[in-house]
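In what follows, a single structure is set out as structure tokens and then discussed.
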Amino acid sequence: MLDGYSAEILARVQFAFTISFHIIFPAFSIGLASFLAVLNARWLWTRDETFLILFKYWVKIFAIAFGMGVVSGIVMSYQFGTNWAVFSDKAGPVIGPLMAYEVLTAFFLEAGFLGIMLFGRERVGEALHMFATGMVAFGTLISATWILSVNSWMQTPAGFSMNELGQFIPEDWWKIVFNPSFPYRLTHMVLAAFLTTALVVGAVGALHLLRDRADKPARRMFSMAMWMLVLVTPLQIAAGDFHGINTLEHQPAKVMAMEGHFDSHPDGAPLILFGLPNQAEKRVDYAVEIPKLSSLILKHDLNAPLAGLDTIPDEDEPPVAIVFFSFRVMVGLGFAMLGLGIWGLIARARGRLFDAPMLWRASMVMGPMGFVAVLAGWITTEVGRQPFTVYGLLRTSDSLSPVAAPAVAASLIAFIIVYFFVFGAGTYYILRLMNKPIKPVSDAPMMDDGPTRTAGTTPAAQVQDKHEDKGMT
Amino acid sequence: MLGFELSFIWAGIIAFAVLVYVILDGFDLGVGLLFPLTKDEKERNVMMNSVAPIWDGNETWLVLGGGGLFAVFPLAYAVVMPALYMPIILMLLGLVFRGVAFEYRWRTKRWKGTWDIAFFGGSLMASLCQGIALGALVQGIEVENRAYSGGWWDWLTPFTLLTGLAVTVGYAMLGATWLNMKLEGRIQAHMRRLAWPFAIATVVFMAAVSLWTPFLRYVYFERWFTWPSMGFSFVVPVLVGLCVLGLFRGLQAQRDVQPFLCALSLFVLGFIGIGISFHPYIVPGALTIEEAAAPESSLWFTLVGTLVLIPMILAYTAYAYWVFRGKIDPDEGYH
């Protein structure tokens with residue numbers, strides 16, 4: 001089935017496949033863990049049962065997503081060694097300790113307190129249960145910090161020297177951890193995780209509002225999600241812009257590929273909105289461009305010169321088309337999120353947030369788009385790093401394990417089958433939980449699917465409380 | 001000189017992480033192995049709930065073992081992982097099935113049986129592969145120019161199959177004694193009865209592996225059968241004998257905790273035995289601890305945090321176990 005492919009390309013596909021699957025779950029559980037901590041804290045603070053209902057509703061979904069994140073993450077921790085042994089030998093002294101710290105500071109924290117968060121509310125009391133919930137959320141953020149540090153170091157390496165064996169030897173840990181692209185990348189990813197979760201929460205809220213517009217928990221989660229969206233999306237767009245400028249400084253070839261700039265532009269580069277990059281002919285076919293806008297965005301100056309891929313040796317060019325398209329998908333979805341957030345804000349200002357079926361439907365369409373944007377963003381940055389694993393210093397083709405192609409092919413096929421089956425089932429269970437009516441706190445028995453309230457019969461106006469009328473949830 | 005000592009401290013820490021993994025995840029993998037021997041769904045529910053709040057923390061020690069090796073012995077990591085390519089990948093896939101079963105089986109009626117099988121099958125696959133990987137490491141890995149140079153099926157030999165079975169049977173024993181401790185009534189009596197054959201089989205397998213190992217490499221033989229190292233080494237079999245005695249007596253007297261502790265001690269002693277054979281190698285016959293170590297700056301940077309964090313981790317892990325102490329209430333769970 002995969003005859004004729006080299007071990008290198010198969011190992012790359014395998015890494016891309018397993019990490020793409022993996023990234024979905026942390027992107028969701030980082031945001032969801034914080035959301036749960038907020039819900040739990042507000043329940044303890046206000047004693048408004050809606051928060052407790054929402055906590056119990058989302059904690060089940062979190063448990064499934066977290067479980068999938070754990071098992072796919074364990075795979076990642078061994079993948080470096082199985083398929084990228086030379087990389088592990090050479091870069092291990094630098095990135096190994098960062099990953100060990102991730103395990104020590106984050107994974108144990110999450111795993112240790114997850115049991116208490118899920119099963120311990122009655123056993124440890126409310127304060128300790130809140131503490132455990134906070135620790136799980138904190139753990140997800142620490143985990144993101146270390147792994148983004150590792151990834152950023154591979155993109156913008158700093159603080160090391162090289163020995164005669166070609167190993168990276170750590171010299172200055174401060175510079176390694178806080179390497180030049182780390183703050184931008186971390187901010188961008190954490191905001192992406194919050195947005196992804198907000199979109200999902202908003203979509204689930206919208207679904208239940210469409211069925212029963214008086215449903216109080218649904219109103220609350222939809223309102224919270226809309227606030228999150230309108231507040232965080234502009235921050236994210238700004239963070240993305242800073243990140244892009246940082247990338248131009250440290251990884252110019254990646255930006256050239258993102259922008260589709262095959263040629264250098266000495267006096268202001270155009271922004272190519274759409275087109276078909278043709279790497280063989282070194283041009284973008286059917287390009288639709290806005291003159292000088294690329295220079296304005298990247299250099300904040302209309303006439304600033306921008307170098308193109310013609311300044312880069314052919315063997316150092318990243319695959320342009322993939323980076324070009326994935327970047328556009330990410331940016332396009334970012335603006336769609338902004339649009340949804342503004343729409344929600346306008347509806348709220350008019351007092352129609354809970355009387356807006358069009359907005360709800362749009363929210364449902366946008367529900368999964370955070371995941372798409374996260375994946376597109378990662379593809380942009382990771383494929384844009386090619387042909388290097390450690391940017392500019394260690395080539396992907398020199399990073400591979402001494403593995404035979406059939407072994408990599410066999411494990412790749414096994415991963416594909418198992419992942420689609422296992423994570424497909426998990427996604428199905430999550431969707432089914434999201435589709436269930438939101439239960440009151442009385443805690444119905446676990447397999448009880450029966451509706452706990454009648455849907456769609458009470459007019460919205462009758463149950464609206466004044467607090468929510470102003471959208472102050 | 002300092003770097004020399006540092007790498008040995010690190011070998012100790014990694015060995016500790018792997019040992020903690022083996023005894024903690026050992027018993028919860030064992031719970032999975034015992035799934036097909038149960039009477040009904042209710043028994044399986046309560047078995048799984050006995051480990052549901054803690055299995056995730058248990059498994060994290062495996063990530064620390066792998067991640068720690070990557071951090072402080074990158075060369076050993078780079079050599080061992082390709083050498084054990086297939087057992088490692090199969091173990092990971094087994095852990096995937098097993099890990100998701102904890103949540104999935106509560107979310108479906110029709111497919112519950114399927115996830116029970118996934119839980120058992122994943123546990124079996126992971127246990128076998130861990131034992132095989134251990135055996136493959138003990139029998140030695142070929143290394144040339146900082147890379148694995150052996151064949152693709154080197155990990156599959158009669159010896160590794162023996163260690164695979166030994167670890168699996170041993171995990172089942174750990175699982176049975178754990179459930180004897182945590183459960184009540186019919187299922188407890190059932191698990192206590194099951195602990196007998198698994199315990200006897202574990203002892204037989206341990207003996208077989210112990211007798212075979214010294215003939216794999218002369219170094220091992222020397223450790224165990226020549227003076228003066230023999231004087232220290234033979235403490236281990238004596239202690240093993242005492243633990244076996246304690247285990248059987250505890251089962252006979254229907255004690256809750258004693259059989260589990262004795263079963264854990266058996267694993268600790270087996271682990272020490274392997275350590276005695278290995279020293280000073282990290283990859284027997286190919287790489288010493290010193291050769292495989294990362295540069296001193298990596299060792300120091302990681303050590304500082306590790307010495308602070310491991311006690312904290314042990315403390316809150318112990319707390320989590322304390323929270324869920326005692327017998328399992330069959331109706332408990334957040335589902």
Side-chain angles (χ1 to χ4, degrees), chain A residues 59-60 63-64 67-68 70-75 77-78 80-82 85-86 88-89 92-94 96-97 99-105 107-108 111-116 118-120 123-124 163 165 167 169-171 173 401-404 407 411 414-415 418 422 425-426 429 432-433 446-447, chain B residues 52-54 56-57 59-60 62-64 66-72 74-75 77-82 85-86 88-89 92-93 95-97 99-100 102-104 106-109 111 146-149 152 294-295 297-298 301-302 305-306 309-310 313 316-317 319-320 323-324 332-335:
Chain A
V59 83
K60 292 177 188 168
I64 299 181
M68 294 195 278
V70 167
V71 294
S72 59
I74 293 174
V75 172
S77 72
Y78 283 85
F80 285 101
T82 50
V86 177
S88 300
D89 178 25
V94 172
M99 291 165 89
Y101 270 110
E102 182 185 21
V103 182
L104 290 165
T105 57
F107 291 173
F108 276 112
F113 287 101
L114 181 76
I116 297 173
L118 295 181
F119 302 93
R123 281 181 177 253
V124 297
N163 69 7
L165 294 166
Q167 278 181 307
I169 308 297
E171 297 292 340
W173 284 103
S401 289
V403 280
S411 58
F415 274 119
V418 168
V422 167
Y429 295 140
R432 215 171 49 175
L433 279 177
M446 88 205 163
M447 294 303 297
Chain B
I54 45 171
D56 189 5
E59 207 158 285
T60 306
L62 178 67
V63 185
L64 182 62
L69 199 65
F70 184 28
V72 289
L75 182 54
Y77 179 81
V79 167
V80 170
M81 295 301 150
Y85 194 84
M86 252 180 276
I88 296 249
I89 301 268
L92 294 171
L93 293 173
L95 290 176
V96 166
F97 275 107
V100 296
F102 277 97
E103 289 298 327
Y104 289 7
W106 299 100
R107 302 289 160 222
T108 166
K109 261 187 183 146
W111 285 64
R146 302 175 77 78
Y148 176 60
S149 60
W152 286 106
S297 52
S298 305
F301 175 70
T302 320
T306 304
L309 290 162
I310 294 248
I313 291 164
Y316 64 65
T317 304
Y319 173 71
V323 166
F324 297 102
E332 207 173 27
Y334 80 106
H335 313 282

task: State whether the side chain of B:Thr108 and the backbone N or O of B:Tyr104 hold a donor-acceptor pair below 3.5 Å, judged by distance alone.
output: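 Side chain of B:Thr108 to backbone of B:Tyr104, a donor-acceptor pair under 3.5 Å: no, none is there.
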
Pairs of heavy atoms under 4.5 Å with chain B: top-ranked of [options]:
{"options": "A:Gly120, A:Gly67, A:Ser77, A:Ala111", "answer": "A:Ala111"}
{"options": "A:Phe107, A:Trp173, A:Tyr429", "answer": "A:Trp173"}
{"options": "A:Thr105, A:Val86, A:Ile116", "answer": "A:Ile116"}
{"options": "A:Gly112, A:Pro97, A:Pro402", "answer": "A:Pro97"}
{"options": "A:Ala100, A:Gly426, A:Gly73", "answer": "A:Gly426"}

Roughly how far, to the nearest 0.5 Å, is [atom2] of [Y] from [atom1] of [X]?
{"X": "B:Met86", "Y": "B:Trp152", "atom1": "CE", "atom2": "CH2", "value": "7.5 Å"}
{"X": "B:Glu59", "Y": "A:Ile74", "atom1": "CD", "atom2": "CD1", "value": "4.0 Å"}
{"X": "B:Glu103", "Y": "A:Met68", "atom1": "CD", "atom2": "CE", "value": "9.5 Å"}

Tell me, side chain or backbone of [X] under 4.5 Å from chain B's heavy atoms, or both, or neither?
{"X": "A:Val75", "value": "both"}
{"X": "A:Ser401", "value": "side chain"}
{"X": "A:Leu114", "value": "side chain"}
{"X": "A:Tyr78", "value": "both"}
{"X": "A:Phe80", "value": "both"}

Measure [X] against the heavy atoms of chain A and call it side chain, backbone, both or neither at under 4.5 Å.
{"X": "B:Ser149", "answer": "neither"}
{"X": "B:Ile313", "answer": "side chain"}
{"X": "B:Leu69", "answer": "neither"}
{"X": "B:Ile89", "answer": "side chain"}

For chain A, which candidate among [options] shows the most heavy-atom pairs at distances under 4.5 Å?
{"options": "B:Pro82, B:Gly68, B:Gly99, B:Gly67", "answer": "B:Pro82"}
{"options": "B:Val80, B:Val79, B:Leu309, B:Thr317", "answer": "B:Leu309"}
{"options": "B:Val72, B:Leu62, B:Ile310", "answer": "B:Leu62"}
{"options": "B:Ile88, B:Ile54, B:Thr60, B:Val100", "answer": "B:Thr60"}
{"options": "B:Trp111, B:Phe97, B:Phe301", "answer": "B:Phe301"}

message: Among residues at least two apart in sequence or on other chains, which ones pass salt bridge (Lys or Arg N to Asp or Glu O under 4.0 Å) with A:Glu102?
response: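 Listed in chain order: nothing, the list is empty.
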
query: Does A:Asp89 have any salt bridge (Lys or Arg N to Asp or Glu O under 4.0 Å) partners at least two apart in sequence or in another chain, and if so, which?
result: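 Partners of A:Asp89 under the salt bridge (Lys or Arg N to Asp or Glu O under 4.0 Å) test: B:Arg146.
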
- request: Would you mind reporting whether A:Leu433 and A:Ile64 have side-chain heavy atoms less than 4.5 Å apart?
  value: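 A side-chain contact under 4.5 Å exists here.
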
query: Under a 4.5 Å cut-off applied to non-hydrogen side-chain atoms, are B:Ser298 and A:Pro170 in contact?
result: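 B:Ser298 reaches A:Pro170 side chain to side chain.
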
- request: Assess whether side chain to side chain contact (heavy atoms under 4.5 Å, CB included) is satisfied between B:Leu95 and A:Val71, documenting all intermediate values.
  value: CA-CA 7 Å; B:Leu95 290 176; A:Val71 294; 5.7 Å; no

message: I need the minimum non-hydrogen distance between B:Met81 and A:Gly81, along with the two atoms involved.
response: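 The answer is CB-C, 3.2 Å.
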
field: Proximity of B:Tyr316 and A:Phe108 rings by center, below 6.0 Å
entry: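 No, the ring centres sit 6.0 Å or more apart.
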
query: Could you walk me through whether B:Tyr148 and B:Tyr85 pass the ring pair (Phe, Tyr, Trp, His ring centres under 6.0 Å) check?
result: CA-CA 11 Å; B:Tyr148 176 60; B:Tyr85 194 84; over 10 Å; no

